[in-house]
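These notes are about the structure you will find just below.
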Amino acid sequence: MPSVAELNEKERESLLADHPDWELAREGKAIKRTFQFGDFSEAWGFMSRVALLADAQDHHPEWFNVYAKVEITLTTHDAGTSGGLSQRDATMARAIDGLL
Ligand SMILES: C[C@H](O)[C@H](O)[C@H]1CNC2=NC(N)=NC(=O)C2=N1
């Protein structure tokens, strides 16, 4: 049984409206954003700050980094039947956007 509620259609739309740089991924079960920095040091600094947020919120990103580019995917393992979008992803996206 999923222990975290998935966002409904209205909540999903409001998440995307509030965070226009994020897009739905995995057939609506995740959100994704690409960040482009000036160099690797800036990208890694950002990732370090995200890592601290993630541990504080106990909600961890899936991410991919090449040099100055960072791609972050947020999903909730405990939502839906095999993961889904929840309020925890919305909260994390807001916190990540707040770092920029
Ligand atoms: C036991 C622990 O609280 C859970 O496994 C947390 C940890 N980090 C997590 N991160 C993400 N992205 N989704 C989760 O459902 C999740 N669950």
Side-chain angles (χ1 to χ4, degrees):
M1 269 292 281
S3 55
V4 182
E6 276 190 283
L7 296 186
N8 63 34
E9 192 57 39
K10 204 174 155 199
E11 291 167 327
R12 199 180 296 266
E13 278 169 20
S14 113
L15 191 173
L16 293 172
D18 292 345
H19 302 283
D21 294 321
W22 293 80
E23 61 184 357
L24 290 178
R26 295 184 197 162
E27 295 170 335
K29 303 228 171 272
I31 48 172
K32 180 176 180 176
R33 179 173 174 183
T34 299
F35 302 83
Q36 188 65 52
F37 296 95
D39 57 23
F40 178 71
S41 177
E42 272 185 45
W44 190 259
F46 168 74
M47 290 172 77
S48 300
R49 285 179 290 142
V50 171
L52 295 177
L53 276 180
D55 241 18
Q57 294 188 14
D58 194 27
H59 198 63
H60 301 86
E62 296 176 30
W63 50 14
F64 178 76
N65 161 242
V66 179
Y67 185 52
K69 182 173 88 175
V70 180
E71 291 173 5
I72 294 185
T73 300
L74 299 175
T75 189
T76 301
H77 314 142
D78 292 342
T81 46
S82 54
L85 255 190
S86 78
Q87 199 53 50
R88 300 184 67 187
D89 301 304
T91 301
M92 191 64 186
R94 187 179 323 113
I96 291 172
D97 283 358
L99 292 174
L100 300 170

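Whatever order the structure lists ligands and atoms in, that order sets their numbers, starting from 1. Starting from 1, each residue takes its place in the sequence as its number.
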Checklist line | Minimum side-chain heavy-atom gap V4-Q87 below 4.5 Å | finding: no

Note to self: Any protein heavy-atom neighbour for atom 16 (C) of ligand 1 (distance below 4.0 angstrom)?
What the structure shows: yes

Notebook entry, point to check: Looking at side-chain heavy atoms only, is the closest gap between H19 and I31 below 4.5 Å?
Noted result: no

Next item on the list: Ignoring hydrogens, just give me the one of M92, R88, H59 whose non-hydrogen atom is nearest atom 13 (N) of ligand 1.
Entry: H59

Notebook entry, point to check: Just distances here: any N/O of H77 and N/O of ligand 1 closer than 3.5 Å?
Noted result: yes

Next item on the list: May I ask you to list the atoms of ligand 1 that are less than 4.0 angstrom from any heavy atom of T76?
Entry: 13 (N), 15 (O)

Margin query: Taking ring pair (Phe, Tyr, Trp, His ring centres under 6.0 Å) as the cut-off, I'd like each qualifying pair that reaches into residues 38-67, sequence neighbours left out, listed once.
Written below: F35-F46, F37-F46, F40-W44

Note to self: If you apply the rule side chain to side chain contact (heavy atoms under 4.5 Å, CB included), what do you find for E6 with K29, and how did you get there?
What the structure shows: CA-CA 9 Å; E6 276 190 283; K29 303 228 171 272; 3.6 Å; yes

Item checked: Atoms in ligand 1 flagged as close to D78, the criterion being non-hydrogen separation under 4.0 Å -> 15 (O)

Note to self: What I'd like to find out is whether the side chain of T75 reaches to under 4.5 Å of the side chain of L85, using heavy atoms alone.
What the structure shows: no

Check: At what distance is the nearest protein heavy atom to atom 8 (N) of ligand 1, and which residue and atom is it?
Finding: H60 ND1, 2.8 Å

Margin query: Taking the basic N atoms (NZ, or NE/NH1/NH2) and the acidic carboxylate oxygens, is any pair closer than 4.0 Å for D97 and R33?
Written below: yes

Item checked: Shortest protein heavy-atom distance from atom 2 (C) of ligand 1, along with the residue and atom involved -> D58 OD2, 3.5 Å

Notebook entry, point to check: At a 4.0 Å threshold, what atoms of ligand 1 neighbour a non-hydrogen atom of T75?
Noted result: 11 (C), 12 (N), 13 (N)

Next item on the list: Determine, counting only non-hydrogen atoms of the protein, whether one lies under 4.0 angstrom from atom 5 (O) of ligand 1.
Entry: no

Note to self: Can you confirm whether R26 sits close enough to T73 that some side-chain heavy atom of one is under 4.5 Å from a side-chain heavy atom of the other?
What the structure shows: yes

